[in-house]
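All remarks here apply to the structure that follows.
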2 protein chains.
Amino acid sequence: MKKPRPLSPDAMALVARRFAVLAEPTRLHLLHTLFDGEKSVNTLVELTGGTQANVSRHLQTLAHAHMVSRRKEGLQVFYAIADPSIFKLCELVCGSLEKSLTKQADSFAEAP
Amino acid sequence: MKKPRPLSPDAMALVARRFAVLAEPTRLHLLHTLFDGEKSVNTLVELTGGTQANVSRHLQTLAHAHMVSRRKEGLQVFYAIADPSIFKLCELVCGSLEKSLTKQADSFAEAP
DNA sequence: ATTAAATATGCATATATGCGTATATGCTTG
DNA sequence: CAAGCATATACGCATATATGCATATTTAAT
């Protein structure tokens, strides 16, 4: 019997949205690049190789979800990871992913 | 300095896909309903209130991602949570979500 | 073998989401 | 005040995904 919470319908939508924010390679790339500390938009553009518009958009999505923080300093805007649970989240997913991969390498490749 | 792994580009895509599977209220509802044990498709249809076709499709998506297991018994098919990390994942997200909600209730309501 | 029940799939559609390009906003400096 | 740089936004388009409806598939029973 493991029923942590009643889990109201709209609470579920919020959780889903949270996962959706993480369901994007570009955003994961940005988060991963921020793992070792705060960086400006331009730096992130250079490090990730994305276009400036895209990086900015994705950073806003992350900021809106309170996953990264935004600090303005002169012309530049610095983003940093704001939610520490993101580290654990990625660890968990990477961990269980590795287990799946070592067993059946193509399981995810053909997913919908 | 927290760089868990090199994080190859296609590994990131896999992680993103994994999160994407969880980024769906219907699938979260199904997982949550399975928290207290294995259930048949029909039971899940009744408990979640979704259509049979939808429930079946979403269960397949979950099974394809190795998050649930599939056991056939006569006419019925029983699904159960296969990846224990899902419990921790949901706990993490729900936890950090609650913190965000108690601070700013509308932050997510207007997300993109 | 036929029929019925449980589950899965095909098709069409609506909605959402990401990207490229161009442009707007904001801040700093001369 | 004008000009330039860093960042954010607007628009159009292509793609993906969820859903409803209908139907196919699989298994059990008579």
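To find a chain, count down the sequence lines: A is the first, B the second, and so on, and within it residues start at 1. Since the structure is predicted, the reported quantities are computational estimates derived from the model, not experimental observations.
Looking at which nucleotide of DNA chain C each of B/Phe78 and A/Leu75 is closest to, the 5′-most match is held by B/Phe78.
In terms of phosphate contacts, A/Asn54 brings no side-chain nitrogen or oxygen within less than 4.0 Å of OP1 or OP2 of C/dG18. A/His58 has a side-chain polar atom (N or O) that falls below the 4.0 Å cut-off from OP1 or OP2 of C/dC19. Phosphate contact (OP1/OP2 of D/dT19, side-chain N/O of B/Thr26, threshold under 4.0 Å): present. Within the structure, every side-chain polar atom (N or O) of B/Ser56 is placed at least 4.0 Å from both OP1 and OP2 of C/dT7. The shortest distance between the side-chain N/O atoms of B/Arg27 and the OP1/OP2 oxygens of D/dA18 is below 4.0 Å.
At a threshold of 4.5 Å between non-hydrogen side-chain atoms, the residues A/Val41 and A/Gln76 do not count as touching.
If you measure from atom CG of B/Leu44 to atom P of C/dA8, you get 11 Å, rounded to the nearest angstrom. Between the CZ atom of A/Arg57 and the P atom of C/dC19 there is a distance of 8 Å, given to the nearest Å. Distance B/Leu59 CG to C/dA8 P: 7 Å, rounded to the nearest Å. B/Arg71 has its CZ atom 13 Å from the P atom of C/dA8, to the nearest Å. Separating the CD atom of B/Glu46 from the P atom of C/dA6 is a distance of 10 Å, rounded to the nearest angstrom. Atom NE2 of B/His29 and atom P of D/dT19 are 12 Å apart (whole Å). Atom CZ of A/Phe19 and atom P of D/dT17 are 17 Å apart (whole Å). For the pair A/Leu62 CG and C/dG18 P, the interatomic distance rounds to 10 Å; values are reported in whole Å.
Listed nucleotides: D/dT7, D/dT27, C/dA8. Nearest to the side chain of B/Lys72: D/dT27. In this structure, of D/dA8, C/dT7, D/dA6, it is C/dT7 that holds the atom nearest to the side chain of B/Ser40.
Between B/Arg18 and B/Asp83 there is a salt bridge, since at least one side-chain N of the basic residue sits less than 4.0 Å from a carboxylate O of the acidic one.
Side-chain N/O atoms of B/Gln52 and base N/O atoms of C/dA8 include a donor-acceptor pair closer than 3.5 Å.
Using a 4.0 Å heavy-atom distance criterion, B/Ala53 is classed as a base contact. Contacts of B/Tyr79 with the nucleic acid, taken as non-hydrogen atoms under 4.0 Å apart, involve only primed sugar atoms and P, OP1 or OP2. Contact annotation for B/Glu24: backbone-only contact, meaning every heavy-atom pair under 4.0 Å involves sugar-phosphate atoms and none involves a base.
With rounding to the nearest 0.5 Å, the separation of OG1 in B/Thr43 from OH in B/Tyr79 is 13.0 Å.
Under 3.5 Å, the side chains of A/Asn42 and A/Ser40 contain no donor-acceptor pair of N or O atoms.
Nearest heavy atom pair, residue A/Ser69 against residue A/Ala82, reads N-CB, 3.7 Å.
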